[in-house]
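Just so we're on the same page: letters track the sequence lines, and every chain starts at 1. Quick caveat, the model's predicted, so the values are computed rather than measured. The basis for the numbers below is simple: all heavy atoms, side chains too, and nothing from hydrogens, waters or symmetry mates.
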Amino acid sequence: MSLQNDLTQKVIEAVKQLYQVDLPTVEFQPTRKDFEGDITVVVFPMLRHVKGNPVQIGTQIGEYLVEHVDEVSKCNVVQGFLNIVIEDSYYLDFFNSVADETDFGYVKSQSNDAVMVEYSSPNTNKPLHLGHIRNNLLGYSVAEILKASGKKVYKTQIINDRGIHICKSMLAWQKFGKGETPESSGLKGDHLVGKYYVAFDKAYKEQIAELVESGTPKEKAEKEAPILLEAQEMLRKWEAGDEEVVALWKKMNGWVYDGFDITYKNLGVDFDTLYYESDTYLLGRDVVKDGLERGIFFKKEDGSVWIDLTEEGLDEKIVLRSDGTAVYMTQDIGTAIQRVTDFPDINGMVYTVGNEQDYHFKVLFLILKKLGYSWAEQLYHLSYGMVDLPSGKMKSREGTVVDADDLIKNMEDTAESISQELGKLEGYSEEEKKQLYRTIGLGALKYYILKVDPKKRILFNPEESVDFQGNTGPFIQYTYARIQSILRKADNVGSSAVETSLELHEKEKELLKQIQLFPETVQLAAENYSPALIANYTYDLVKEFNSFYQQVSILGETDDQKKNFRVQLSKKVGEVIQSAFRLLGIDVPERM
RNA sequence: GGUCGCGUAGCUCAGCUGGAUAGAGCAUCUGCCUUCUAAGCAGACGGUCGAAGGUUCGAAUCCUUCCGCGAUCACCA
């Protein structure tokens with residue numbers, strides 16, 4: 001990066017000397033592989049300021065640079081592109097400056113401002129599925145990336161532990177459960193509760209069918225099915241604090257939490273603090289009343305409170321019902337404010353929520369801004385596309401979901417069968433092997449999901465297993481394992497300091513360039529909230545390394561200086577892979 | 001209908017603030033394991049970047065219109 005800054009100065013200087021013109025900016029790009037050079041200056045934009053032939057101008061600037069800049073060894077011009085060759089010593093200096101740096105690429109100093117990242121936020125009436133996996137991986141990874149970019153981060157989730165849907169599974173368990181528990185059934189708690197959520201839906205549909213049979217119109221039947229009325233009654237009791245209902249609610253939610261904990265642990269995600277909707281669902285009403293007085297909201301004849309966003313190109317949005325109760329938006333306003341009260345250093349929040357709620361968050365952010373909160377400028381909706389199956393959308397009630405626990409297990413099994421086929425693990429204990437299959441299986445799954453732009457929809461076909469070759473997690477893990485193997489064999493890993501007079505192999509230079517890009521990639525990923533940038537960077541690095549590995553002998557090198565450098569370089573590549581994958585929440589194995 | 005997002009090779013995806021002949025992986029085909037892990041490397045095949053206009057020295061990228069897919073526009077959460 002500093003090289004580019006230096007060169008910018010020098011090019012401006014050159015143009016000034018040669019043509020007596022001040023250039024505002026200089027445009028760079030990496031040199032295409034088919035030309036000689038490391039960095040390229042694009043001459044075309046200069047033609048606005050300097051009239052003349054681009055090839056001639058490029059050539060003259062090039063000559064100036066060779067003469068006046070130490071790092072520039074030679075130049076060539078193709079059309080309007082000035083390709084600059086940088087001295088090997090520049091790259092070796094760079095290597096020496098970072099060789100011993102731990103967590104290279106991460107910003108070490110932490111800013112005073114914190115950002116809260118919300119993700120996962122499940123309902124407590126059913127187990128997690130593939131959609132939640134995408135949410136969890138994205139949220140966790142973005143949180144880690146923000147940390148690496150120097151931010152203080154709080155990871156949180158809001159657990160949707162109340163409402164009619166929770167009562168549905170409670171009611172169904174009461175009616176059909178016969179006292180079944182996770183212990184008695186051997187089912188994971190969240191799966192047990194999910195089973196009754198499905199059971200409710202089944203009973204509900206049956207009752208509708210019966211009613212329609214006996215002449216009730218369908219719409220009426222849907223509203224009046226006895227089991228639904230019972231669930232609504234249960235919700236009223238819950239809100240009134242009915243002891244029996246609350247006890248049941250606590251018991252069944254406890255089962256779900258136990259189940260979620262296992263899934264989260266398996267996925268490798270965690271949270272710093274938790275919010276429960278049962279605590280926050282009443283928040284926000286005071287703020288709305290206050291905003292009403294300040295004229296930010298307005299009241300309709302029936303007493304409901306609204307905000308007019310037509311000036312912003314949106315429409316009117318309700319924030320309080322006519323009976324004075326809260327809507328979803330009210331809660332979200334209240335919860336956001338509550339969070340800043342709880343953690344006063346917060347100056348920004350990231351909400352990891354599917355793109356079906358784009359509109360909701362647009363409105364929420366606008367309202368918070370209008371209410372005048374300074375942190376409202378720093379809100380970001382980490383919106384991601386749905387994960388669809390070939391059969392269409394996943395629906396828990398209809399059982400057409402890819403269950404999170406099943407999928408994780410599945411990935412581990414695939415990793416196991418591939419590993420056994422390859423049979424490279426002699427000497428590993430059963431426990432170590434199991435751990436490795438998990439690392440690889442999860443690596444495949446996480447990389448598969450994180451490498452694509454969050455905005456895009458993912459079509460997941462359970463019939464076709466996730467790849468383990470090519471642009472995949474295991475490919476990158478494999479490269480890491482290879483490097484560790486070399487380091488084990490290079491018994492005396494020499495000093496990390498490298499002689500800067502070494503002549504670099506083309507592949508070594510490419511690797512150094514790629515390593516140099518890591519810090520800015522982390523920054524870019526943080527700015528864009530995009531783990532995909534980290535994934536793609538890592539893939540490029542690893543491809544470069546494998547090509548190097550194939551062409552250049554490391555341990556077989558007879559020149560000690562060169563051999564030491566190659567070992568050190570490999571070590572550094574391994575460290576960057578590990579750092580990058582840590583940002584994606586993916587582990588790397590010593591062997592595989 | 002309004003708003004937002006997406007549309008790049010048979011499939012899955014990259015392509016930074018506009019730049020040189022649009023890049024990977026999978027799949028298909030060819031080579032490379034008595035030498036550091038072949039979950040690898042090297043190569044072949046494969047494209048009117050949804051369509052048409054426009055801006056520019058220069059467009060997959062920016063603007064307009066249209067087409068296709070999806071989401072959203074509830075006193076639901």
Rounded to whole Å, please give me the gap between [atom1] in [X] and [atom2] in [N].
X: A:Tyr281; N: B:C76; atom1: OH; atom2: C1'; value: 16 Å
X: A:Leu445; N: B:A39; atom1: CG; atom2: C1'; value: 17 Å
X: A:Leu314; N: B:C73; atom1: CG; atom2: C1'; value: 10 Å
X: A:Met329; N: B:C73; atom1: CE; atom2: P; value: 10 Å

Taking N and O atoms by type only, does the side chain of [X] place a donor or acceptor under 3.5 Å from a partner on the base of [N]?
X: A:Thr479; N: B:A39; answer: no
X: A:Asn83; N: B:A20; answer: yes
X: A:Thr472; N: B:A39; answer: no

* pi-stack flag for A:Phe475 and B:G40, centroid dist under 5.5 Å, interplanar under 30° -> no
* Ring of A:Phe81 versus six-membered ring of B:G19: centres under 5.5 Å and planes under 30°? -> no
Looking across every strand, which nucleic acid part, if any, lies under 4.0 Å from [X] by heavy atom: base, sugar-phosphate, or nothing?
X: A:Glu277; result: sugar-phosphate
X: A:Ser485; result: base
X: A:Pro45; result: base
X: A:Arg48; result: base
X: A:Glu356; result: sugar-phosphate

Watson-Crick or G-U wobble partner for [N], using a 3.5 Å limit on both distances?
N: B:G31; value: B:C41
N: B:U3; value: B:A71
N: B:G23; value: B:C13
N: B:G53; value: B:C63

Could you pull out all donor-acceptor pairs under 3.5 Å where a side-chain atom in residues 542-555 of chain A meets a protein atom, sequence neighbours excluded?
from     : atom 1 : to       : atom 2 : distance (Å)
A:Asn546 : OD1    : A:Arg482 : NH1    : 2.8
A:Asn546 : ND2    : A:Thr479 : OG1    : 3.1
A:Asn546 : ND2    : A:Val542 : O      : 3.4
A:Ser547 : OG     : A:Lys507 : NZ     : 2.9
A:Ser553 : OG     : A:Gly556 : N      : 3.2

* **Closest-nucleotide 5' rank along RNA chain B - winner of A:Leu436 and A:Tyr359** => A:Leu436
* Nucleic acid footprint by protein, nucleotides 4-9 of chain B - heavy-atom cut-off 4.0 Å, B for base, S for sugar-phosphate alone -> SSSS--
Measure from the side-chain heavy atoms of [X] and tell me the nearest of [options].
X: A:Gln29; options: B:U37, B:G19, B:A77; answer: B:G19
X: A:Ser547; options: B:A20, B:C41, B:A39; answer: B:C41
X: A:Arg321; options: B:C36, B:A77, B:G19; answer: B:A77
X: A:Thr40; options: B:A20, B:C41, B:C36; answer: B:A20
X: A:Tyr549; options: B:A38, B:A77, B:G25; answer: B:A38
X: A:Asp34; options: B:A39, B:U37, B:U21; answer: B:U21

Cut-off 3.5 Å, no hydrogens considered: what does the side-chain donor-acceptor table look like for residues 313-321 of chain A, sequence neighbours left out?
from     : atom 1 : to       : atom 2 : distance (Å)
A:Asp315 : OD1    : A:Tyr359 : OH     : 2.3
A:Glu316 : OE1    : A:Lys300 : NZ     : 3.3
A:Arg321 : NH1    : A:Thr325 : OG1    : 3.0
A:Arg321 : NH1    : A:Ala326 : O      : 3.2

